[in-house]
Amino acid sequence: MTYAAALPGQPRGGAVGGPATDRAVCVLAPNPSPMTLDGTNTWIVSEPGSDLAVVIDPGPLDDAHLKEVVATAERAGKRVALTLLTHGHPDHAEGAARFAELTRTRVRALDPALRLGDEGLGAGDVITTGGLELRVVPTPGHTADSLCFHLPADAAVLTGDTVLGRGTTVVAHPDGRLGDYLDSLRRLRSLAVDDGVDIVLPGHGPVLNDARGAVEYYLAHRANRLAQVETAVESGYRTPSEVVAHVYADVDRTLWPAAELSVRAQLDYLSEHGLI
């Protein structure tokens with residue numbers, strides 16, 4: 001067994017960008033950081049043989065990156081016909097308006113403030129641009145407006161920040177809520193178990209080849225962290241910063257501000273359920 005195969009979700013080795021499935025190609029944005037990992041994964045998705053493509057998460061407002069996304073599609077003989085957003089965080093969505101100018105496309109998102117055009121996105125919607133089939137899967141939790149896109153022909157799901165290719169994601173309190181996030185993870189597990197989804201195409205990090213394994217790891221990780229936070233509160237650690245210093249002592253301190261957002265979400269969850 002290789003080291004990669006032993007990691008949750010069986011992440012693929014090699015470069016993050018490039019072709020990932022028969023229908024999905026990643027263009028990696030040049031915005032690496034502890035929070036964005038290698039950078040934002042901008043996805044170009046299209047049906048083989050079609051001259052139309054859909055772009056998911058154009059990424060930051062970086063003109064060179066946005067133009068490279070267009071050029072990558074054009075080199076494959078495709079025209080970008082639609083832009084979709086998994087959620088509104090700037091590393092995914094800040095470049096959307098400029099990208100829409102470059103491609104003359106609509107931008108569809110759950111949040112009306114992020115849309116360009118009359119159409120939004122919601123549960124049960126199916127995107128059929130150029131013969132492609134993308135099914136909208138509401139997955140609130142990381143943010144209230146988070147969505148995933150099920151690509152059934154490739155047994156894949158594009159997860160934005162709901163599931164990452166490496167590590168775990170932040171529940172971005174107060175917009176993000178832990179109860180919603182756990183429900184979203186269970187929804188993704190059902191896609192893996194009931195609908196045959198194997199591949200995770202994440203918003204950051206490498207492609208994962210074991211969707212069920214990744215989601216079950218996330219669920220176990222959240223349960224473990226929640227128990228640690230509950231124990232910390234019972235031991236007298238009251239404020240979010242105190243809980244972070246105790247529970248996340250083994251985590252890089254540069255990530256503590258993000259960890260505090262998740263801790264606040266966990267404290268809200270525990271309080272709502274009468275556990276603290």
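Using a 3.5 Å distance cut-off with no hydrogens or angles, the side chains of Thr105 and Thr83 do pair a donor with an acceptor. Asn31 and Thr40 share a donor-acceptor pair across their side chains, judged by distance under 3.5 Å alone.
Classification of the His89-His142 ring pair by plane angle, with boundaries at 30° and 60°, yields perpendicular.
When the shell of 6.0 Å around CZ of Arg222 is examined, it contains more than 12 heavy atoms from other residues, nucleotides or ligands.
Val247 and Leu261 fall within a single hydrophobic cluster, where Ile, Leu, Val, Met, Phe, Trp and Tyr are joined by side-chain heavy atoms under 4.5 Å apart, directly or via other members. Taking hydrophobic clusters as Ile, Leu, Val, Met, Phe, Trp and Tyr residues chained together by side-chain heavy-atom distances below 4.5 Å, Phe149 shares a cluster with Trp43. Cluster membership for Leu37 and Leu28, using ILVMFWY side-chain heavy atoms within less than 4.5 angstrom, is not shared. There is a path of hydrophobic side-chain contacts, each under 4.5 Å, that joins Leu182 to Leu267. Linking Ile, Leu, Val, Met, Phe, Trp and Tyr whenever their side-chain heavy atoms come within less than 4.5 Å leaves Leu85 and Val27 in two separate clusters.
The side chain to side chain donor-acceptor pair (under 3.5 Å) check on Arg253 picks up nothing, with sequence neighbours excluded. With sequence neighbours excluded, the residues satisfying side chain to side chain donor-acceptor pair (under 3.5 Å) with Asp57 are Thr86, His92. For Thr231, the side chain to side chain donor-acceptor pair (under 3.5 Å) criterion is met by no residue, not counting sequence neighbours. With sequence neighbours left out, the side chain to side chain donor-acceptor pair (under 3.5 Å) criterion links Thr72 to Glu68, Arg75. Residues satisfying the salt bridge (Lys or Arg N to Asp or Glu O under 4.0 Å) criterion with Glu133, sequence neighbours excluded, are Arg135. Looking at residues two or more places apart in sequence or on another chain, you find a salt bridge (Lys or Arg N to Asp or Glu O under 4.0 Å) between Arg264 and Glu260. Take Glu94 and apply the salt bridge (Lys or Arg N to Asp or Glu O under 4.0 Å) test, not counting sequence neighbours, and it matches no residue. Here His65 pairs with nothing under the ring-ring contact (aromatic ring centres under 6.0 Å, His included) rule; sequence neighbours left out. Not counting sequence neighbours, Asp62 has no partner by the salt bridge (Lys or Arg N to Asp or Glu O under 4.0 Å) test.
Within the 4.5 Å cutoff, side-chain heavy atoms of Val215 are placed close to those of Leu219. His150 has its side chain out of reach of Leu158: every pair of non-hydrogen atoms, C-beta onward, lies at least 4.5 Å apart. Contact of the Met35 side chain with the Leu255 side chain is registered, since non-hydrogen atoms from C-beta on lie closer than 4.5 Å. Between Leu121 and Ile127 there is a side-chain heavy-atom pair separated by less than 4.5 Å. Between Ser46 and Val25 the shortest side-chain heavy-atom distance does not fall below 4.5 Å. Residues His87 and Thr162 are not in side-chain contact: their nearest non-hydrogen atoms beyond the backbone lie 4.5 Å or more apart. Taking the side chain as every heavy atom from C-beta outward, Arg225 and Gln266 approach each other to under 4.5 Å. Counting only heavy atoms from C-beta outward, the side chains of Tyr237 and Val263 never approach each other to under 4.5 Å.
Listed here is the closest heavy atom pair of Asn41 and Pro202: ND2-O, 2.9 Å. For the pair Pro140 and Ser184, the tightest heavy-atom approach, listed with the atom from each and the gap, is O-OG, 2.6 Å. Nearest approach of Pro60 to Leu66, heavy atoms of both residues: O-CD2, 4.0 Å. Taking all atoms of both residues into account, the shortest heavy-atom contact from Gly236 to Glu242 is O-OE1, 4.3 Å. The two residues Val171 and Ser262 come nearest to each other via the heavy atoms N-OG, 3.0 Å. Glu47 and Gly131 get closest at one heavy-atom pair: OE1-O, 3.9 Å.
Under the side chain to side chain contact (heavy atoms under 4.5 Å, CB included) rule, Val136 has a single partner from Leu147, Leu84, Leu110, which is Leu147. Evaluated for a side chain to side chain contact (heavy atoms under 4.5 Å, CB included) with Phe99, the options Thr42, Val107, Val80 yield exactly one hit, Val80. Evaluated for a side chain to side chain contact (heavy atoms under 4.5 Å, CB included) with Arg166, the options Val16, Asp38, Leu7 yield exactly one hit, Asp38.
The NE2 atom of His221 lies 3.5 Å from the OG1 atom of Thr168; values are rounded to the nearest 0.5 Å. The distance from the OG1 atom of Thr169 to the CG atom of Leu164 is 4.5 Å, given to the nearest 0.5 Å.
In this structure, Asp154 pairs ionically with Arg23, as a charged nitrogen and a carboxylate oxygen lie closer than 4.0 Å. Using a 4.0 Å cut-off between charged nitrogen and carboxylate oxygen, Glu272 and Arg177 count as a salt-bridge pair.
Under the side chain to side chain donor-acceptor pair (under 3.5 Å) criterion, the residue pairs touching residues 111-132 are Arg106-Glu119, with sequence neighbours excluded. Residue pairs satisfying the ring-ring contact (aromatic ring centres under 6.0 Å, His included) criterion with at least one member in residues 256-276, sequence neighbours excluded, are listed as follows: Tyr269-His273.
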In sequence, state the C-alpha distance, the side-chain angles, and the governing distance for Thr239 and Val243, and then conclude on side-chain contact (heavy atoms from CB on, under 4.5 Å). CA-CA 6 Å; Thr239 68; Val243 173; over 6 Å; no
Verdict with supporting geometry, Arg98 and Asp63, salt bridge (charged side-chain N to carboxylate O under 4.0 Å, His left out): CA-CA 8 Å; Arg98 172 60 177 151; Asp63 228 47; 2.8 Å; yes
Would Asp268 and His173 satisfy side chain to side chain donor-acceptor pair (under 3.5 Å), going step by step from the backbone distance to the final call? CA-CA 9 Å; Asp268 279 359; His173 180 275; 3.0 Å; yes
List the steps and the verdict of side-chain contact (heavy atoms from CB on, under 4.5 Å) for Leu114 and Asp145. CA-CA 10 Å; Leu114 299 170; Asp145 70 329; 3.7 Å; yes
May I have the step-by-step check of side-chain contact (heavy atoms from CB on, under 4.5 Å) for Asp210 and Arg212, ending in yes or no? CA-CA 6 Å; Asp210 178 14; Arg212 180 175 180 177; 4.1 Å; yes
Kindly determine whether Leu275 and Val233 satisfy side-chain contact (heavy atoms from CB on, under 4.5 Å), including the steps that lead there. CA-CA 10 Å; Leu275 298 173; Val233 172; over 6 Å; no
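Judged purely by atom type and a 3.5 angstrom limit, Ser146 has no side-chain atom pairing as donor or acceptor with the backbone of Gly141. Checking side-chain atoms of Arg12 against main-chain N and O of Ala20 turns up a donor-acceptor pair under 3.5 Å.
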Using a 3.5 Å cut-off and no angle test, enumerate the donor-acceptor pairs between side-chain atoms of residues 185-201 and protein atoms at least two apart in sequence or in another chain.
{"unit_1": "Arg186", "atom_1": "NH1", "unit_2": "Asp183", "atom_2": "OD1", "d": "3.0"}
{"unit_1": "Arg187", "atom_1": "NH1", "unit_2": "Pro138", "atom_2": "O", "d": "2.7"}
{"unit_1": "Ser190", "atom_1": "OG", "unit_2": "Arg186", "atom_2": "O", "d": "3.3"}

